[in-house]
Amino acid sequence: MDDRSNKLLLVPVLTVLFVMIGYQYICPAGSTSCRFGNGESFPFSKYPADVKRESPDPDEDPPFRFPSKFNFTSEDLYRHVDFDIKGNDVIVFLHIQKTGGTTFGRHLVRNIHLERPCDCRSGQKKCTCHRPGKAESWLFSRFSTGWSCGLHADWTELTSCVPAVMNKKQKKDAPLNRRNFYYITLLRDPVSRYLSEWKHVQRGATWKTALHMCDGRPPTPDELPACYSSEDWTGVSLEEFMTCPSNLANNRQTRMLADLSLVGCYNLSSMSEERRAELLLSSAKRNLLRMAFFGLTEFQRKTQFLFERTFGLHFINAFTQINGTRAAGITVGTSTRRRIEELNALDMQLYEYARELFSRRVQYCHHQERQEERERKRQQRRRMKEQKASQIQQQEDDERKDAEQENTELTVVTEDYSSQVVRW
């Protein structure tokens with residue numbers, strides 16, 4: 001009885017041992033192919049043993065996406081101008097007060113690597129920026145053509161004035177050229193810009209000679225009342241500066257980028273305040289989006305990078321980020337800051353839009369650079385493979401020719417030997 005029981009127990013024991021040995025053979029220690037449970041794999045792959053899965057290209061990026069609050073498209077982000085400095089292309093710099101435009105304007109005339117650099121002479125405010133081989137300017141800015149369309153001319157003034165001024169500067173006997181105008185500008189954080197303008201006015205700045213032309217005429221005194229009765233506003237307090245309802249510092253960036261003809265220029269009675277604000281902001285955003293380039297004062301190096309990528313022009317020296325501005329040294333309370341933001345509500349919205357667009361364009365340019373670098377590497381690898389294949393083919397051809405030559409020589413020797421045998 002005991003022998004029979006032992007035999008019966010031996011069968012399942014041997015079975016278990018056989019299963020364990022088989023399991024260890026199929027799934028050796030350390031293997032990840034035999035785990036079970038959540039997300040686990042199974043003993044056999046869904047791919048046949050003789051089929052190797054294609055591994056991803058290590059140089060390949062995942063698909064580029066544009067997560068954006070404003071739903072920018074790739075067309076909005078892509079900016080590249082085939083700027084023909086020898087032809088009829090003109091860069092027009094829209095210089096908004098207190099956005100760092102003076103520094104950027106100097107970069108344009110003194111710091112770009114050009115075949116024919118701008119001629120900037122000591123003691124002169126303007127430089128001569130002529131095209132190679134032509135006595136014609138490729139740049140319309142404060143430091144090249146001066147304030148030809150008025151002091152700190154805005155988008156409304158420039159678009160109606162610049163073509164006429166450029167044609168007037170052209171020689172009388174020369175045929176009028178159809179030019180391509182590429183508008184550029186700089187924007188700045190609205191609160192910092194506003195405080196900087198206040199300090200500038202406090203020191204005596206007036207911009208009285210600004211024309212503010214719109215629909216062929218400047219605004220009347222009733223449409224644009226002065227904020228002060230004296231020669232200037234020297235010593236004005238921030239509270240006084242904020243109190244004047246006709247202060248052009250309020251929403252200056254939006255107004256200078258918008259088409260003022262859409263809102264009746266400076267006639268505030270032509271429509272409701274809400275409707276006017278809506279039209280101004282939408283027009284400023286649209287014009288900013290269509291501009292060839294814009295930069296942000298707070299991001300100097302990225303501004304330089306984006307300009308160079310857009311126009312294919314390169315600066316000699318790198319831009320410097322200066323954060324110790326006069327505005328940065330001004331401390332205002334929470335309530336005052338909130339009041340400034342309210343006075344510049346349109347600029348606040350415009351700057352949010354601009355910052356997002358600027359950031360996405362920089363990101364897009366970096367993505368393009370990586371793609372170009374990968375393509376360059378692919379082309380290099382392809383050329384190396386083709387060169388190697390050509391060398392192998394050449395070597396094979398040489399070996400074949402050597403073999404053919406040896407066969408020919410052997411045939412000649414054999415025939416010669418055969419003829420000699422017959423003769424003997």
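Atom set for the values below is all heavy atoms of this structure, side chains included, hydrogens, waters and symmetry mates excluded. We count residues from 1, following the sequence as given. None of the values given here were measured: they were computed from a predicted structure.
- Checked by atom type and distance alone, the side chain of Asn111 pairs as donor or acceptor with a backbone atom of Asn317 at under 3.5 Å.
- The ring of Tyr183 has its center no closer than 6.0 angstrom to the ring center of Phe140.
- Exactly one residue among Arg116, Lys134, Glu115, Arg131 makes a side-chain contact (heavy atoms from CB on, under 4.5 Å) with Lys86. That residue is Glu115.
- Looking at residues two or more places apart in sequence or on another chain, you find a side chain to side chain contact (heavy atoms under 4.5 Å, CB included) between Asn251 and Asn344, Leu346, Asp347.
- Counting only distance, with no hydrogens or angles, the side chain of Ser144 and the backbone of Leu139 share a donor-acceptor pair below 3.5 Å.
- Judged by distance alone, the side chain of Glu298 and the main-chain N or O of Arg188 form no donor-acceptor pair under 3.5 Å.
- Distance alone, capped at 3.5 Å, places no donor-acceptor pair between the Asp89 side chain and the Ile85 backbone.
- Among the candidates Leu279, Leu280, Leu281, Asn287, the single residue satisfying the side-chain contact (heavy atoms from CB on, under 4.5 Å) test with Ser283 is Asn287.
- Checked against salt bridge (charged side-chain N to carboxylate O under 4.0 Å, His left out), Asp398 has no partners two or more places apart in sequence or in another chain.
- Shown here are the side-chain hydrogen bond (donor to acceptor under 3.5 Å, both in side chains) partners of His80, two or more places apart in sequence or in another chain: Asp82.
- Each of Thr159, Val165, Leu211, Asp154 was scored for a side-chain contact (heavy atoms from CB on, under 4.5 Å) with Cys149, with one residue passing: Val165.
- Trp207 carries Arg252 over the face of its six-membered ring, with the cationic atom under 6.0 Å from the centre and within 45° of the normal.
- Ring geometry for Trp233 versus Phe241: interplanar angle of 30 to 60°, hence tilted.
- With hydrogens and angles disregarded, a donor-acceptor distance shorter than 3.5 Å links the side chain of Glu308 to the backbone of Phe315.
- Across the pair Cys118 and Cys127, the gap between the SG atoms, which is the quantity tested here, reaches or exceeds 2.5 Å.
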